[in-house]
Number of protein chains: 2
Amino acid sequence: MTFTYEYPRGALTVDCVVFGLDEEELKVMLIQRDLPPFEGQWALPGGFVQVEESLEDAARRELQEETGLDRVFLEQLYTFGNIDRDPRERVVSVAYYALVKLSNHRVHAATDARDAAWFGVHDTPSLAFDHAKIFSLALERLRNKLRYQPIGFELLPKKFTLSQLQHLYEIVLERPLDKRNFRKRVLGMGLLIETDEVEQDVAHRAARLYRFDERKYRRLVKAGFHFEL
Amino acid sequence: MTFTYEYPRGALTVDCVVFGLDEEELKVMLIQRDLPPFEGQWALPGGFVQVEESLEDAARRELQEETGLDRVFLEQLYTFGNIDRDPRERVVSVAYYALVKLSNHRVHAATDARDAAWFGVHDTPSLAFDHAKIFSLALERLRNKLRYQPIGFELLPKKFTLSQLQHLYEIVLERPLDKRNFRKRVLGMGLLIETDEVEQDVAHRAARLYRFDERKYRRLVKAGFHFEL
DNA sequence: TTACTTAGTGTTTTTAAGACACTAAGTAAA
DNA sequence: TTTACTTAGTGTCTTAAAAACACTAAGTAA
């Protein structure tokens with residue numbers, strides 16, 4: 001079966017920059033292409049948008065199919081539409097970035113992808129298409145967003161210590177932060193709930209666990225508040 | 001002549017939210033549709049992306065064709081891809097917003113558009129498609145951007161007084177600003193060049209004219225500076 | 001019991017933002 | 001030419017936020 005139009009139409013794809021947090025590093029998920037063009041090269045997970053699905057649905061579906069990731073934080077980044085960004089034909093790509101709790105998700109390479117793996121953001125191989133550009137924009141966006149919106153929690157387990165959270169900020173922003181000032185700010189925000197649990201199996205004093213008060217956050221955003229961390 | 005593909009393909013459009021500054025109000029440029037769907041209704045200027053032009057090129061071309069606007073500040077806003085946003089078929093639209101110096105550009109309605117006109121941003125008619133959503137996102141983006149990037153100059157003539165600039169900020173942000181604090185901040189930024197001219201034909205003390213130091217701005221941005229106004 | 005590691009906690013200093021009112025310069029009208 | 005009117009232009013004080021800074025507490029391991 002084929003589909004015919006009066007004027008030529010480019011193809012539409014989505015690409016996802018998936019960030020995860022390892023113990024010591026910010027990582028990005030890449031897949032190794034199993035088909036031409038750029039066969040064997042690493043690339044961002046993504047693929048064609050089907051005609052009866054929304055852009056975000058397409059992004060989630062591709063993530064699921066290619067990397068097994070599910071129910072992640074996902075936000076639109078930018079749309080890339082240079083005419084020769086794909087050697088085959090005109091392809092416009094809507095890029096998304098995603099944040100996942102690395103601990104939850106063991107990667108399994110899947111359809112379309114020879115392999116899927118996490119790379120340190122400073123240790124990425126050369127990427128297919130204009131994906132290096134997409135990736136660097138995503139990293140920049142993540143850093144900016146982290147400053148003024150509480151999205152860091154998306155990279156941590158549900159319950160986390162303040163040290164873990166600070167560590168996350170230090171890794172993403174790539175600079176050390178003062179412990180007392182950090183705790184002051186982050187608690188002063190009023191979006192963390194202190195649980196009655198502490199971390200387990202550590203060889204030193206155990207830290208209290210907190211969780212993010214997502215309900216309160218949603219309520220405040222709806223009411224027009226802006227958050228600056 | 002027709003074009004045939006193996007899978008169905010949606011259409012791709014660009015839509016532009018064009019802002020201009022009147023004496024007393026922030027305005028948006030709308031066109032009245034001359035063709036179905038939504039014939040006769042007001043809409044954002046925009047149209048189909050051709051297969052051999054980039055997204056930004058398409059936006060500039062449509063602006064030129066439909067409103068006669070040329071060489072404007074243009075930046076990508078967001079991509080809208082809900083499956084039923086166009087009653088005819090699947091259409092994904094990449095939205096841009098533009099800032100123009102209203103004084104320069106007299107509007108002339110043009111091809112595809114029955115009419116083109118400026119509307120106060122609080123006085124817009126009901127819009128075709130999901131254009132109301134696009135418009136309100138653009139307005140929000142403009143306000144946020146104005147806070148931390150010096151883009152306001154795009155709405156003013158090349159040479160302007162500090163009062164005009166303050167007035168612009170007050171109109172866009174919809175709140176009064178303190179004259180002395182405003183001048184302190186804006187001059188402290190170091191991106192304004194004092195000319196040796198003053199405004200003409202005013203019935204009171206004439207104010208000094210300034211211009212935006214675009215070179216310096218570009219240089220600093222390249223060097224990684226961030227600007228907060 | 002001692003050494004080691006990370007958790008947890010306030011105060012001071014510095015910097016940026018906000019509030020606030022008068023004089024200067026020009027035009028227009030009496 | 002004097003006077004009234006309008007907008008330009010200018011600094012200081014107050015307040016709030018950010019940054020700098022060091023010790024004690026609690027637990028584990030040797």
Side-chain angles (χ1 to χ4, degrees), chain A residues 21 23-24 143-144 146-150 152 156-157 159-171 173-211 225-229, chain B residues 21 23-24 143-144 146-150 152 156-157 159-171 173-211 225-229:
Chain A
L21 190 73
E23 296 302 307
E24 289 307 318
R143 291 197 176 117
N144 283 323
L146 199 64
R147 275 176 236 274
Y148 60 91
Q149 273 184 36
L156 292 178
K159 296 173 182 173
F160 50 84
T161 69
L162 294 183
S163 292
Q164 282 177 296
L165 187 61
Q166 178 176 348
H167 193 207
L168 181 168
Y169 272 75
E170 290 179 329
I171 286 175
L173 301 179
E174 295 186 320
R175 58 167 166 152
L177 298 174
D178 179 86
K179 180 155 66 154
R180 282 172 291 188
N181 293 338
F182 181 80
R183 291 162 104 94
K184 222 186 304 170
R185 274 215 322 276
V186 88
L187 289 174
M189 200 173 55
L191 288 177
L192 292 189
I193 297 172
E194 186 175 325
T195 71
D196 49 5
E197 298 165 68
V198 295
E199 58 181 342
Q200 300 297 320
D201 304 317
V202 285
H204 53 78
R205 176 176 177 181
R208 166 135 283 123
L209 292 172
Y210 290 80
R211 58 192 180 79
F225 271 81
H226 287 264
F227 280 94
E228 315 240 347
L229 274 169
Chain B
L21 189 75
E23 295 303 308
E24 290 307 318
R143 291 196 177 118
N144 284 323
L146 199 63
R147 275 177 235 274
Y148 61 90
Q149 274 184 34
L156 292 178
K159 296 173 182 173
F160 50 85
T161 70
L162 294 183
S163 293
Q164 282 178 294
L165 187 62
Q166 178 176 348
H167 192 207
L168 181 167
Y169 273 75
E170 291 179 330
I171 285 176
L173 301 179
E174 295 186 321
R175 59 170 165 149
L177 299 172
D178 179 85
K179 181 155 66 154
R180 281 173 293 190
N181 294 337
F182 181 80
R183 292 162 103 95
K184 221 188 303 172
R185 276 215 319 279
V186 88
L187 289 175
M189 199 175 55
L191 288 177
L192 292 190
I193 297 172
E194 186 175 326
T195 71
D196 50 5
E197 297 164 69
V198 294
E199 58 180 342
Q200 300 298 320
D201 304 317
V202 284
H204 52 78
R205 175 175 176 181
R208 166 133 284 125
L209 291 171
Y210 289 80
R211 57 193 180 78
F225 267 78
H226 287 265
F227 280 94
E228 314 239 345
L229 272 169

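First the proteins, then the strands, lettered A, B, ... as listed; each starts at 1. Predicted, not measured: the structure shown is a model, and the values here were computed from it.
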Open item on the list: For a quick check, with a 4.0 angstrom heavy-atom cut-off, what is the B/S/- contact string for nucleotides 9-16 of chain C, read 5' to 3'?
Closed with: BBB-----

TODO: Kindly state which residues belonging to residues 199-207 of chain B come within less than 4.0 angstrom of DNA chain C, counting heavy atoms of the residue only, listed by number.
DONE: B/Val202, B/Ala203, B/His204, B/Arg205

Task: All salt bridge (Lys or Arg N to Asp or Glu O under 4.0 Å) counterparts of B/Glu197, not counting sequence neighbours - done: B/Lys159

Task: Sorted by number, the residues of residues 160-168 of chain B with heavy-atom contact under 4.0 Å to DNA chain D - done: B/Ser163

TODO: If a pair satisfies ring pair (Phe, Tyr, Trp, His ring centres under 6.0 Å) and one of its residues is in residues 175-195 of chain B, list it, with sequence neighbours excluded.
DONE: B/Tyr169-B/Phe182

- [ ] Determine the stems involving DNA chain D; a stem requires 3 or more consecutive pairs of the Watson-Crick or G-U wobble kind, each with both distances below 3.5 Å, and the answer is none if no such run exists.
- [x] C:1-30 with D:1-30

Task: Pairwise distance CG(B/Asp178) to CZ(B/Arg185) - rounded to 0.5 angstrom - done: 9.5 Å

TODO: Not counting sequence neighbours, which residues clear side-chain contact (heavy atoms from CB on, under 4.5 Å) with B/Ile171? List them please.
DONE: B/Leu21, B/Leu26, B/His167

TODO: Mind checking the CG-CG spacing from A/Leu168 to A/Leu173? Nearest 0.5 Å is all I need.
DONE: 8.5 Å

Name the atoms and distances for all side-chain donor-acceptor pairs under 3.5 Å in residues 198-208 of chain B, with sequence neighbours left out.
residue: B/Glu199; atom: OE2; partner: B/Ala207; partner atom: N; Å: 3.1
residue: B/Gln200; atom: NE2; partner: B/Val198; partner atom: O; Å: 3.1
residue: B/Arg208; atom: NE; partner: B/Thr195; partner atom: O; Å: 3.1

Open item on the list: Using a 4.0 Å cut-off to any heavy atom of chain A, which nucleotides of DNA chain D are the first and last in contact, reading 5' to 3'?
Closed with: D/dA19 to D/dT28

Task: Results of ring-ring contact (aromatic ring centres under 6.0 Å, His included) for B/Phe160 - residues two or more places apart only - done: B/Phe153

Task: Closest heavy-atom pair and its distance - A/Leu191, A/Pro150 - done: CD1-CG, 4.2 Å

- [ ] Identify, with sequence neighbours excluded, every residue that meets side-chain contact (heavy atoms from CB on, under 4.5 Å) alongside B/Lys179.
- [x] B/Gln166, B/Arg183

TODO: First locate atom CD1 of A/Ile193, then atom OH of A/Tyr210, and finally report the distance between them rounded to the nearest 0.5 Å.
DONE: 11.5 Å

Open item on the list: According to salt bridge (Lys or Arg N to Asp or Glu O under 4.0 Å), who are the partners of A/Arg143, at least two apart in sequence or on a separate chain?
Closed with: A/Glu174

